[in-house]
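Naming: A, B, ... by sequence-line order, numbering from 1 per chain. All values derive from a computational prediction rather than experimental measurement.
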Amino acid sequence: MIDYKEIEAKWQKEWSDAHIFEGEVNDKEPYLVTAAWPYVNTPLHIGHLRTFGTADALARYKRMRGFNVLYPMGFHATGTPVLAFAKRIKNGDQDIVDELKVFHVPEEEIKKMTNPAYIANYFIKESGQLYQRAGFGMDMRRSFTSIDPTFSKLVEWQFGILNSKGFLTKGKHPVGWCPNENNAVGMHDTKHDVEPEIEEEIVVKFKVDGEEAYILCTTYRPETIFGVTNLFVSEKSTYVACRIGDDDKRYYISKASAGILKYQMNVEVLEEVGADKLLSKTCVNPVNGSMLPVLPGFFVKEDVGTGAVMSVPAHAPFDYAALERLRKEGRLKQEIKPIKVLDVEIGRSLSDVSVVETKPSQMDIPAFAYLEMLHTSIDAIDDMLESATKLEYREESHWGKMTVRGYEGMSEPEAREKVTGELTGKGDAFKMYVLQNAPVYCRCGYEVVVKVVENQWFINYGDKAWKTATKDVLKGMHLYPEKTRNAFDAAVDWIDLRAVARAQGLGTRFPLDSTKIIESLSDSTIYMSFYTISNLVRDVPPEKLKPEFFDFVFRNIGDADAVAKSTGIDYSLVKRCKESFEYWYRYTSRHSGPDLIYNHLTMYIYNHVAVFNKDCWPKQIAVNGFVLSEGEKMSKSLGNIVPLIDAVEKYGADPSRLNIIAGADLLNDSEYSEKAIRGIQERLEYLQDSILGLEKFESGELKRIDYWLYSKLSDKIERTTRYMDALELRSAYTNILYDSVLELRRYLARGGHNGIAVKDFLSSVVLMLQPVAPHVAEEMWHTLGNTTFVSKEKWPAESGEMRNEKVEKEEELVDSTVEDAKQVMALMRKKAGKKARRLHVIVASDWKRKLVAALVSKKDVGKALESLRGEEGVDMELAGKLAGALAKRINEITPVSTTQLEEFDGVEEAAAYISKQLECDVSVEMEQKSKSPRAGRAMPMKPSLDIELE
RNA sequence: GCGGGGGUGGCAGAGCUUGGCCAAAUGCGCAAGACUGAGGCUCUUGUGGUCUAGAACCUGCAAGGGUUCAAAUCCCUUCCCCCGCACCA
């Protein structure tokens with residue numbers, strides 16, 4: 001048994017004195033590894049282990065390869081989550097208390113967490129300890145947080161540059177808004193943590209006939225305006241006449257919608273109007289002047305959109321149903337005929353036979369056809385109408401072609417864009433925003449609305465030159481895994497305006513408007529550069545960290561003397577900062593999760609391009625997948641988050657690391673599972689037992705199987721190195737852990753017992769184990785008799801000298817012989833009911849190898865046979881037979897490199913092993929000397945087997 | 001809808017970039033045996049189908065089609081699943 005706790009404590013203590021990573025400027029090649037810093041309201045869970053551990057493994061590996069590695073870590077504290085957190089504690093929110101208890105936060109600590117700074121400090125302290133417990137070789141001397149005043153100076157400097165380059169712009173922006181608290185609300189501020197999803201709708205103005213007024217209708221499908229037959233309002237609701245925006249026209253909308261719309265534009269209510277007043281009106285279609293009666297629509301809701309909709313009975317099941325119901329009730333005074341505006345193959349996306357066989361009776365009214373298709377009617381419940389609507393909208397949008405003059409053949413999205421442009425251009429329509437997932441409630445209880453914020457500041461990632469430059473940088477970057485490149489390309493392309501300042505939250509003040517705080521993803525795009533000097537400027541008063549200091553240190557502008565004078569910072573310190581930055585920032589590897597590709601990581605590249613000189617632009621990004629807990633996605637709501645400390649306490653740091661870091665390919669989700677960890681522990685114990693059992697072995701001369709072990713080792717080193725370089729940790733560690741155990745077992749089963757060979761093998765395995773399982777590796781290294789730190793050793797070298805393909809081939813031959821014999825024996829036992837007494841293994845004569853080689857090179861049976869004529873020992877008749885059999889696979893066969901003697905020796909040497917495997921006697925024979933009638937069947941690498949029954 | 005990723009055995013998950021040696025690594029599960037007082041652990045063997053004195057053959061990698069001597073691997077079409085769509089970390 002391995003006592004993980006004990007060896008972890010032991011080596012963590014030793015390491016703290018040893019300084020695994022030098023962390024200072026020296027003459028080695030630098031390698032800076034940074035991982036996305038954790039947010040300070042979340043205790044670390046095993047999801048963090050994935051990213052931090054992957055970065056740690058890389059850092060440790062690169063160290064062994066001779067680099068001077070720096071792996072620092074800090075903490076993110078800006079933004080609103082920690083504020084919301086404090087507030088919830090203050091309000092005695094039980095949910096959050098329960099969450100914290102999962103992470104073993106003591107009750108008395110929870111009580112104190114009413115102050116954001118306290119919360120931050122608590123988790124920073126806790127996390128720092130956890131980093132050590134997990135065995136991360138982080139340099140915490142450089143740690144800082146995003147709310148440190150010195151760090152704010154860097155952010156201010158960064159935004160000064162963005163501004164000077166014209167990347168900061170101002171405009172309007174819709175946000176989720178709480179009317180009660182007068183705040184923007186994000187996911188953290190809503191009940192049940194739902195993100196308010198904002199969607200654009202088109203509002204069309206319909207002129208009332210004979211009156212200087214308009215009824216406003218909301219729609220998602222403005223292109224169907226050509227099919228409008230009437231308008232619908234809710235007859236039970238109250239409407240208002242009002243002025244909207246800056247014109248002085250009179251508009252009718254529902255009273256409820258007026259209350260919502262006022263957050264998006266000026267709304268001045270003039271008077272209340274009953275629905276009955278509107279129902280008596282007739283409107284004019286702005287696109288074709290047709291007359292549209294206003295009718296009561298049973299499905300119209302006063303608080304959705306403007307509380308009025310345009311009716312397109314041909315293409316909207318609800319509209320069609322509403323009209324038909326009115327007709328049935330005798331309330332339809334005039335004839336209304338649906339107007340079809342687009343063609344689609346109805347039911348195209350359905351596969352259900354009963355549906356497909358349904359023949360709609362009226363193809364010129366798709367809305368009705370869709371109802372028939374779903375075996376329902378105009379009297380169906382809303383849910384049925386809704387699913388018909390969804391189906392119709394989807395198919396029409398996907399495959400529909402416009403039939404309206406001027407738009408013929410256009411797809412619906414195309415037409416939508418065109419019509420929207422025309423309507424808004426003429427002032428017949430405008431955009432409004434709605435919450436797609438309404439209702440959303442603020443934690444205070446009020447319903448969230450959409451507010452259009454004026455004077456919002458943005459970072460303009462849409463800037464053409466900036467985008468082009470960023471794309472260029474991306475092209476030259478290493479991405480792990482490479483297949484994320486598509487996502488990065490798409491992200492860099494897609495990212496456009498990003499709101500950058502908000503009214504609330506912790507962080508750095510926005511330089512162009514000091515009432516605002518810089519949004520918290522935007523203040524963390526170049527923070528990794530600060531690690532290079534954070535330890536040096538820790539005690540420098542923030543006000544001294546003027547832009548010229550950063551300009552000099554990070555951009556090589558100006559000179560040290562002048563900077564020292566103008567800032568009051570010590571000249572030598574200024575020089576050291578510059579030296580440190582320029583040294584460390586040459587090669588950087590950035591680690592993060594896949595959810596950050598579309599924001600943080602993309603912004604990271606953009607901002608480096610904007611701020612730094614070319615040689616400091618990003619070089620490498622590694623993206624790792626999430627961690628599942630026993631097959632489930634971890635989430636607060638499921639209550640299945642596994643705190644990092646739990647994993648480490650229960651299974652040990654190294655088994656957890658191996659499971660989570662090396663348990664899946666980089667970008668795949670890895671699974672935290674007890675069974676998998678147990679399996680890992682078993683392998684580790686096997687290796688340890690092997691080390692402890694070394695003394696039982698002899699030394700002596702190397703045998704064939706020892707050469708095999710060395711050859712396997714050589715292959716292992718070569719492959720693992722390749723895998724590590726590509727950050728394929730899973731492959732690397734199946735190779736090191738699982739395969740090593742299998743090879744050792746085979747070695748022993750084959751009778752291997754050379755202590756030196758096994759020790760050499762294990763030593764290399766332990767070295768390669770170090771990056772992911774540092775404690776266990778350290779312990780094993782010392783058990784092997786070493787006195788150095790394995791974490792400071794060199795990665796094993798592979799010269800290729802230990803490679804022995806011949807022996808490996810021979811071992812393969814042994815394996816396949818055993819396998820084939822087993823198969824045959826099983827059949828014989830089944831058929832004859834007898835067991836084998838003796839197995840004759842007959843290896844093929846050398847002339848057969850020549851035959852194969854000749855067939856491969858000549859690709860012709862006749863010529864190949866001819867080349868054999870006259871050779872010694874050749875049985876031409878047999879040769880002809882064999883050649884004929886091989887001929888049909890002539891393009892597949894490959895020449896065999898082993899000679900008969902080698903095969904013979906190889907099998908002969910393994911005879912005892914084969915005998916044990918098969919539980920019968922074994923004799924090995926040369927084909928030409930064998931008396932067996934089956935001898936002729938022997939082929940190179942495929943000996944003939946002759947089984948004597950008992 | 002747009003964008004990104006994916007669909008392989010009872011399950012998880014390799015292989016697909018560089019088409020052939022892939023019935024398909026490794027692990028789990030399951031079955032049999034060994035060990036044990038018993039269980040667990042551990043070890044051995046088996047685990048698509050069919051047949052066989054032979055060491056093989058057949059079928060297979062979401063569905064369909066194509067390119068090729070040869071496709072899980074390349075191309076096209078369709079279906080399905082997951083993730084992201086912003087001011088929020």
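The interatomic distance linking A:His840 (NE2) with B:A55 (C1') rounds to 17 Å, in whole Å. What separates CZ of A:Phe488 from C1' of B:G84 is a distance of 13 Å, to the nearest Å. Per the geometry, NZ belonging to A:Lys516 stands 13 Å off C1' belonging to B:C87, to the nearest Å. For A:Leu506 and B:A89, the CG to C1' distance is 13 Å, given to the nearest whole Å. For the pair A:Glu674 CD and B:G27 P, the interatomic distance rounds to 19 Å; values are reported in whole Å. In this entry the distance linking CG of A:Leu666 with C1' of B:U17 reads 16 Å, nearest Å. One can place NE2 of A:His600 at 18 Å from P of B:G84, the figure rounded to the nearest angstrom. A straight line from CG of A:Leu521 to P of B:C87 spans 11 Å, rounded to a whole angstrom.
Taking only side-chain atoms of A:Thr734, from C-beta outward, the nucleotide of B:A86, B:G4, B:U26 with the closest atom is B:U26. Across B:U26, B:C87, B:G84, the shortest atom-to-atom separation from the side chain of A:Leu742 is found for B:U26. Out of B:C87, B:A86, B:G5, the shortest distance to the side chain of A:Asp496 is found at B:A86. The side chain of A:His76 approaches B:A89 more closely than any other nucleotide in the set B:C85, B:G5, B:A89. Counting only heavy atoms from C-beta on, A:Tyr39 has its side chain closest to B:A89 among B:U26, B:A86, B:A89. When distances are taken from the side chain of A:Glu519 to each of B:G27, B:C87, B:G3, the shortest belongs to B:C87.
Every residue meeting the ring-ring contact (aromatic ring centres under 6.0 Å, His included) condition with A:Tyr39, not counting sequence neighbours, appears here in chain and number order: A:His76. Evaluation of the side chain to side chain donor-acceptor pair (under 3.5 Å) rule for A:Tyr606 yields A:Lys467 as partners, not counting sequence neighbours. Residues forming a ring-ring contact (aromatic ring centres under 6.0 Å, His included) with A:Phe458 (at least two apart in sequence, or on another chain): A:His173. Annotation: side-chain contact (heavy atoms from CB on, under 4.5 Å) contacts of A:Ala664 (sequence neighbours excluded): A:Arg50, A:Asn668, A:Ser670. Taking A:Asp715 as the reference, A:Arg719 meet the side chain to side chain donor-acceptor pair (under 3.5 Å) condition, with sequence neighbours excluded. With sequence neighbours excluded, no residue satisfies side chain to side chain donor-acceptor pair (under 3.5 Å) with A:Lys712. Among residues two or more places apart in sequence or in another chain, the side-chain contact (heavy atoms from CB on, under 4.5 Å) test is passed with A:Leu512 by A:Asn163, A:Leu168, A:Trp457, A:Phe510. In this structure A:Asp725 satisfies the side chain to side chain donor-acceptor pair (under 3.5 Å) test together with A:Tyr61, sequence neighbours excluded.
Within the structure, salt bridge (charged side-chain N to carboxylate O under 4.0 Å, His left out) pairs that include any residue of residues 490-500 of chain A comprise A:Lys471-A:Asp493, A:Arg498-A:Glu519 (at least two apart or interchain).
For the C1' atom pair drawn from B:G39 and B:C51, the interatomic distance equals 41 Å after rounding to whole Å. B:C28 and B:C21: their P atoms are spaced 27 Å apart (whole Å). Comparing the C1' positions of B:G64 and B:G7 gives an interatomic distance of 16 Å, to the nearest angstrom. For the C1' atoms, the distance linking B:C11 with B:A63 amounts to 23 Å, nearest Å. Spacing between B:U77 and B:G4 at atom P, rounded to whole Å, works out to 15 Å. For the C1' atom pair drawn from B:U67 and B:A12, the interatomic distance equals 34 Å after rounding to whole Å. One C1' atom belongs to B:G60, the other to B:A24, and the distance between them is 10 Å to the nearest Å. Nucleotides B:G10 and B:U47 place their C1' atoms 10 Å apart, quoted to the nearest Å.
Residue-level contact check: A:Pro594 touches neither bases nor backbone, having no heavy atom under 4.0 Å from any strand. At a threshold of 4.0 angstrom between heavy atoms, the contacts of A:Ser524 with the nucleic acid are absent. Nucleic acid contact class of A:Leu497 (heavy atoms, under 4.0 Å, all strands): base. A:Asn486 comes within 4.0 angstrom of sugar-phosphate atoms only, judged by non-hydrogen atoms across all strands, and of no base.
For B:G6, the OP1/OP2 oxygens have a side-chain nitrogen or oxygen of A:Lys483 closer than 4.0 Å. For the pair A:Thr42 and B:A89, the criterion of a side-chain N or O lying under 4.0 Å from OP1 or OP2 is not met.
Annotation: of the two residues near RNA chain B, A:Asp595 and A:Ile495, the 5′-most nearest-nucleotide partner is A:Ile495. Along RNA chain B, the nucleotide closest to A:Glu728 and the one closest to A:Tyr738 are compared, and the more 5′ of them pairs with A:Glu728.
No side-chain heavy atom of A:Ile517 sits less than 4.5 Å from a side-chain heavy atom of A:Thr508.
Residues A:Ser740 and A:Val765 come closest through the heavy atom pair OG-CG2, 3.6 Å.
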Check the pair A:Trp37, A:Ser146 against side-chain contact (heavy atoms from CB on, under 4.5 Å), reporting the backbone distance first and the verdict last.
CA-CA 10 Å; A:Trp37 51 7; A:Ser146 59; 3.6 Å; yes

Under the salt bridge (charged side-chain N to carboxylate O under 4.0 Å, His left out) criterion, do A:Arg678 and A:Glu674 qualify, and how do the steps go?
CA-CA 6 Å; A:Arg678 296 266 181 236; A:Glu674 167 148 8; 3.1 Å; yes

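Note: A:His478 and A:Tyr480 have parallel aromatic rings, judged against thresholds of 30 and 60 degrees for the angle between ring planes.
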Please write out each protein N/O paired with an N/O of nucleotides 28-33 of chain B under 3.5 Å, distance rounded to 0.1 Å.
none

Quick test: give all pairs of protein nitrogen or oxygen and nucleotides 8-13 of chain B nitrogen or oxygen below 3.5 Å, distance rounded to 0.1 Å.
from: B:G13; atom 1: O2'; to: A:Arg730; atom 2: NH2; distance (Å): 3.0

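RNA chain B contains the following stems of three or more consecutive Watson-Crick or G-U pairs, with both distances under 3.5 Å: B:1-7 with B:79-85, B:10-12 with B:26-28, B:29-34 with B:42-47, B:48-50 with B:56-58, B:62-66 with B:74-78.
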